[in-house]
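The structure appears below as structure tokens.
Just so we're clear, the structure is a prediction, and the values are computed from it rather than from any experiment.
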Protein chains: 2
Amino acid sequence: MQGNKVQEQRLEQLPVFYMEQIVRRYRQLATQSLKSHHAGVSVDQWVVLKQISENNGSSQVEIGSSTVKDAPTTTRIIDQLVSKNLASKQLDPEDRRRYMVFVTEKGRQLIDRLLPVVQEYRQIPVLGFSATEQKQLISLLQRMLKNLE
Amino acid sequence: MQGNKVQEQRLEQLPVFYMEQIVRRYRQLATQSLKSHHAGVSVDQWVVLKQISENNGSSQVEIGSSTVKDAPTTTRIIDQLVSKNLASKQLDPEDRRRYMVFVTEKGRQLIDRLLPVVQEYRQIPVLGFSATEQKQLISLLQRMLKNLE
DNA sequence: TTAAAATAATTGCAAGTGCAAGGAAATAAA
DNA sequence: TTTATTTCCTTGCACTTGCAATTATTTTAA
């Protein structure tokens, strides 16, 4: 029976299988690290806050596209930052559909304080990787992403 | 000001940044593919169902550990499969804490029907990858995972 | 000028996930 | 035996996320 059996494929041979675990554990690690430093922000909030600071005054869609999050998610995260007084929104007078998003002074201070913390846990997954290996990895990942577009 | 500025790190240099996108798009692709073939099961349900079929009669913790999902998630997915008549649970008479999980005939038929579909979309992310590159990738991912343990 | 289409942001909802807590049964220790 | 610990599974809750629908505004086309 089943003479034409398709070749079996184990989960352990699927890159995505590992990636799911890596992403999950990495997020746990990051969450934990932020918490232990009393960051007061989640991983996503951190990423968006940092991105705002690098594009101060840009719109929510711009923030969203640079962090690769959809519009509703971006809205919600920014609102969380605003309610924590780390960011502020201001209607763009030249296009009243848009909000210009800014980092507050408190937000900037938080960034300065957390930057070294973040830099540190970001290195953990690639501990022991040579520069070449890191580039290789990134390149492979970019190709995968392209395949999925 | 800020003379000792930490070296900036762009999101585009973070492997995890790509992995999140890859995982997300891959899941979308898989979901869509299953739906277009009227699978009637989600991606996670598929993975668990397949895993059950390869370890017929094993307990939920065993299923969970082989798919790397936690106990509550495993319970819920299995219950979904049971309610769809694709799997069945049966108390282990020798250890009445455990349930032995089985694939039903309907479940087995579904697996046979979906296997080629799944095999196909699983190849998409690594299209154009040589065997060597795939091995390299897996190896790098395994090292990352180890770093995170 | 008016109508249609596109864009920015928001809201609501269904579904999934992680985590903590709890119940039942088995095992180990007292 | 009795008690304590461990294991397997389940339940509840808070939180996130993807998706569809909606509003307000701007841009394009008629």
Side-chain angles (χ1 to χ4, degrees), chain A residues 20-32 34-35 40-48 52 55 57-84 87-101 148, chain B residues 20-32 34-35 40-48 52 55 57-84 87-101 148:
Chain A
E20 287 178 347
Q21 297 174 58
I22 291 170
V23 168
R24 194 185 323 139
R25 292 199 197 174
Y26 175 76
R27 293 188 77 92
Q28 286 172 344
L29 170 71
T31 301
Q32 193 177 344
L34 288 178
K35 189 167 293 177
V41 289
S42 70
V43 181
D44 285 317
Q45 287 166 15
W46 161 261
V47 171
V48 170
I52 294 173
N55 308 280
S58 59
S59 73
Q60 301 194 174
V61 273
E62 287 163 340
I63 301 295
S65 81
S66 69
T67 54
V68 195
K69 301 191 179 308
D70 68 355
T73 302
T74 305
T75 293
R76 280 185 271 253
I77 295 178
I78 290 177
D79 285 350
Q80 291 164 347
L81 293 173
V82 169
S83 74
K84 288 177 183 175
S88 68
K89 293 163 71 169
Q90 193 178 328
L91 258 184
D92 183 343
E94 290 178 358
D95 183 343
R96 288 164 45 233
R97 292 169 303 183
R98 302 174 33 138
Y99 279 97
M100 301 182 296
V101 187
L148 288 166
Chain B
E20 286 178 346
Q21 298 173 58
I22 291 170
V23 167
R24 194 184 324 136
R25 292 199 197 173
Y26 175 77
R27 292 189 77 91
Q28 288 172 344
L29 170 71
T31 301
Q32 192 178 345
L34 289 178
K35 190 168 292 178
V41 288
S42 71
V43 181
D44 285 318
Q45 287 166 16
W46 161 261
V47 171
V48 171
I52 294 173
N55 307 281
S58 58
S59 73
Q60 301 194 175
V61 271
E62 287 164 340
I63 301 295
S65 81
S66 68
T67 55
V68 195
K69 300 192 180 307
D70 68 355
T73 302
T74 305
T75 293
R76 281 185 270 252
I77 294 178
I78 290 177
D79 285 350
Q80 290 165 347
L81 293 173
V82 169
S83 74
K84 288 176 183 175
S88 67
K89 292 164 72 168
Q90 192 178 330
L91 260 184
D92 183 343
E94 290 177 359
D95 183 342
R96 287 163 47 233
R97 293 169 304 182
R98 304 176 32 146
Y99 279 98
M100 302 182 296
V101 187
L148 288 165

So if I define the base as every atom that isn't primed, P, OP1 or OP2, how would nucleotides 7-19 of chain D read as a B/S/- string at a heavy-atom cutoff under 4.0 Å? BSSBBB----BBB
Could you walk me through whether B/K89 and B/D79 pass the salt bridge (Lys or Arg N to Asp or Glu O under 4.0 Å) check? CA-CA 9 Å; B/K89 292 164 72 168; B/D79 285 350; 3.0 Å; yes
Can you tell me the distance, in whole Å, between the CD atom of B/E94 and the P atom of C/dT27? 10 Å
Side chain to side chain contact (heavy atoms under 4.5 Å, CB included) with B/D70: which residues, sequence neighbours excluded? B/P72, B/T73
When the distance from CZ of A/R96 to C1' of C/dT7 is rounded to whole Å, what number comes out? 15 Å
Whole angstroms only, please: what is the CD1-P distance between A/I78 and C/dA9? 8 Å
Check ion pair B/D92-B/R97 (N to O, under 4.0 angstrom): no
Please find the pair of heavy atoms, one from B/G64 and one from B/T74, that lie closest to each other, and give the distance. CA-OG1, 3.4 Å
Minimal non-hydrogen separation, B/I52 against B/A87, with atom names: CD1-CB, 4.3 Å
